[in-house]
Amino acid sequence: MTSTVEELSSTGGSGRPVRHVKVAVVGTGFSGLGMAIRMLQAGMDDFLVFERADEVGGTWRANTYPGCACDVMSLLYSFSFAPNPDWKTTFGKRQEIFDYLRDCADRFGVRPYIRFRHELLSARWDEVARHWRISTSQGDYTAQVLVTGTGYLSDPVVPQIEGLSSFAGPMFHSATWDHDVDLTGKQVAVIGTGASAIQFVPKIQPKAARLDVYQRTAPWVGPKPDKSITSREHWMRRRVPGYQRFRRNFNKNGREILAFLLSDPKRAEKTIQGMASKHLEKSITDPVLRARLTPDYTVGCKRLLFSDEWYPAVSSSNVDVVTDRIDRVTPTSVVTADGREREVDVLILGTGFQATSRPIAGRVFGTRGVALAEVWSSGMSAYRGTTVAGFPNLFMLLGPNTTLGHSSQTLMIEAQIAYVMDALRVLDKRGLSSVDVRPQAQIDYNRQLDERLAGTVWNAGNCRSWYLDGNGRNPSIWPTYTWRFRRQTQRFDLDAYQLATTVAGGPRVGQPA
Ligand code: NAP
């Protein structure tokens, strides 16, 4: 990529020249890297990727807690265009997935386009110039198109518990694990029993002298048949043409069956819940503990978890699963509603992330300077999970209603990338300066989504999950098969958008000839 005077299109507030690119991408997780790779493969190199950290990998760079791994098979939890025949086990561990993403960044030549330690501070749509004015922690840029790949599980939730900040010992969230704290022989308390906690609790249980696991809602946990990949299988994946793709498709289609089962609570109870119940019964013999670990909602309403280590860990003699509500935290203890006080040396929060908002929404300002966070103040929504009315040329990877309760997020990311790539082609071909989704198209799309969500386990499974927002609406889940989303996003549907071309004297908005 060249950096020439022509690219220095305008000046920022500082009076210094500002570099202009066609596409600015934010984030270098699966989304941002995938977008960059696809652009390079299509011969588009007029872009930059802004990353606030100093390495790629997104969630797989940031999360380093013990036992961090993926519960979707690696063959499926990877890019379809970058198959890796060398996965060591069925389900990827954090380090292996992180290495895979770093390797992708190198192999596809993305690194020269990445600006590390560039945190996006704000992106403002300039209605006259019809481009985004981007301010980062290391300077200003402009871009015709803004693609966000900032995920939705990056800003940790610190629970509102009286006295929590008064705790005098080490305290950290699973997403910001403090590896300097040695848990050996300590009295440890863990708050939360979600996807992260069920992975790290089994790893810290053998070290702790005592481990109190504070469980507000019991999760459904299915078996995780993780295995080492044999050398014969590795050979097949490397040498037999089409074999790895066949296996990946086999996994993908198998996961689609889960979508069918989860779309109806009765069906889910008879099938998946039966399987998870058996796993619980087989793993926990003590009836009191088993009762405590038995969920009171339909499987899938909260994310279905997979582990062969969770139940053995919580039934160990040094572990207490506490189901009484936490009343308060003191500098040295946790006190539950029954008045019992348990001494604690180290407090670990496995309390999840702010998923029903997007942290970046407070930093993106559309037409008339309105923040996306303001537009979403009563709940977030988008069109095809990607575009929002009033935010021209903004494409959000893993935007609203793209979370899967049944399969690999990489499938959704790739589908969205295909949609953005087609939009970029259309912009060029038609000489458009911007596309802005029609408000009615967005409303209609979300009405259909709400209809499809009604009656599924995600909305009617009798639980309170992070899928639902404060109004009880579900702005998170994609409620059906991934192929449906792929079909919806394979082509950029111009009819749903207001189009603008830039003409002398300012922008002309409407349908170009
Ligand atoms: P999570 O699933 O949201 O779990 C948070 C836990 O903290 C829940 O058990 C919740 O209880 C509890 N909690 C929150 N506030 C509390 C409070 N004030 N008092 C007591 N308990 C409280 O968070 P996570 O485990 O970090 O996982 C988040 C998401 O990350 C997952 O759903 C998944 O999408 C992703 N993840 C994926 C993998 C993977 O293998 N693919 C691994 C890790 C994470 P309630 O249930 O009662 O709310």
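When a ligand or atom number is given, it counts from 1 through the structure's own listing order. By convention here, the first residue in the shown sequence is residue 1.
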Exercise for the section: Run down the list G92, G350, G192, C68 and name the one with the heavy atom closest to atom 5 (C) of ligand 1. Expected result: G350

Problem - Proximal ligand 1 atoms for Y65, defined as those under 4.0 Å from one of its heavy atoms - result: 42 (C), 43 (C)

Exercise for the section: Identify whether the distance between the nearest side-chain nitrogen and carboxylate oxygen of D212 and R210 falls below 4.0 Å. Expected result: yes

Fill in the blank from the handout: Short version for Q160: what comes under 4.0 Å of ligand 1, heavy atoms counted, is neither

Practice task
Give the numbers and elements of all ligand 1 atoms closer than 4.0 Å to a heavy atom of Q199.
Solution key: 40 (O), 42 (C)

Practice task
Report the relative orientation of the aromatic rings in Y419 and F395; use parallel for angles under 30°, tilted for 30 to 60°, perpendicular for over 60°.
Solution key: perpendicular

Handout entry: With K186, the side-chain contact (heavy atoms from CB on, under 4.5 Å) member among V181, I204, V344, D345
Key = D345

Practice task
For the pair Y311 and H279, name the ring-plane relationship: parallel under 30°, tilted 30 to 60°, perpendicular over 60°.
Solution key: tilted

Completion exercise
Residues V334 and A189: closest non-hydrogen pair is CG2-CB, 4.4 Å

Practice task
Show which atoms of ligand 1 fall inside a sub-4.0 Å distance from at least one heavy-atom site of P159.
Solution key: 17 (C), 18 (N)

Handout entry: Protein heavy atom at shortest distance from atom 41 (N) of ligand 1
Key = D71 OD1, 3.1 Å

Problem - Heavy-atom nearest neighbour of atom 46 (O) of ligand 1 within options R325, R216, K302 - result: K302

Handout entry: Inter- and intrachain pairs under disulfide bond (SG atoms under 2.5 Å apart), touching residues 279-360, at least two apart
Key = C301-C463

Practice task
Could you say whether the N/O atoms of I191 and ligand 1 ever approach to under 3.5 Å?
Solution key: no

Practice task
Tell me, please: is F353 in heavy-atom contact with ligand 1, that is, under 4.0 Å?
Solution key: yes

Practice task
Report yes or no: does Y467 have a heavy atom closer than 4.0 Å to ligand 1?
Solution key: no

Completion exercise
So the atoms of ligand 1 within less than 4.0 Å of a heavy atom of W466 turn out to be 2 (O), 3 (O), 32 (O), 34 (O)

Exercise for the section: Output yes when R102 and D99 qualify as a salt bridge under the 4.0 Å nitrogen-oxygen rule, no when they do not. Expected result: yes

Exercise for the section: Inspect the contact between R342 and D324 and indicate whether a charged nitrogen and a carboxylate oxygen are less than 4.0 angstrom apart. Expected result: no

Practice task
Just need the protein heavy atom nearest to atom 47 (O) of ligand 1, so name the residue and atom and give the distance.
Solution key: T217 OG1, 2.4 Å

Practice task
Please write down residue, atom name and distance for the protein heavy atom closest to atom 34 (O) of ligand 1.
Solution key: R303 NE, 3.1 Å

Handout entry: Minimum non-hydrogen distance to atom 30 (O) of ligand 1, winning option of L153, I161, L304
Key = L153

Problem - Listed partners of S80 passing side-chain contact (heavy atoms from CB on, under 4.5 Å), at least two apart - result: R248, E414

Handout entry: Shortest reach to atom 37 (C) of ligand 1 by a heavy atom, considering only S174, G67, A195
Key = A195

Handout entry: Nearest candidate to atom 26 (O) of ligand 1, where distance is taken over non-hydrogen atoms, out of G194, A69, S196
Key = S196

Practice task
Kindly say whether L76 contributes a backbone atom to a donor-acceptor pair with the side chain of S408 at under 3.5 angstrom?
Solution key: yes

Exercise for the section: Show which atoms of ligand 1 fall inside a sub-4.0 Å distance from at least one heavy-atom site of G352. Expected result: 3 (O), 5 (C), 23 (O), 24 (P), 26 (O)

Handout entry: Interfacing atoms of ligand 1 (cut-off 4.0 Å, heavy-atom, T193)
Key = 6 (C), 8 (C), 9 (O)

Practice task
Hey, can you tell me if F108 and F81 have their rings parallel, tilted or perpendicular (30° and 60° cut-offs)?
Solution key: perpendicular

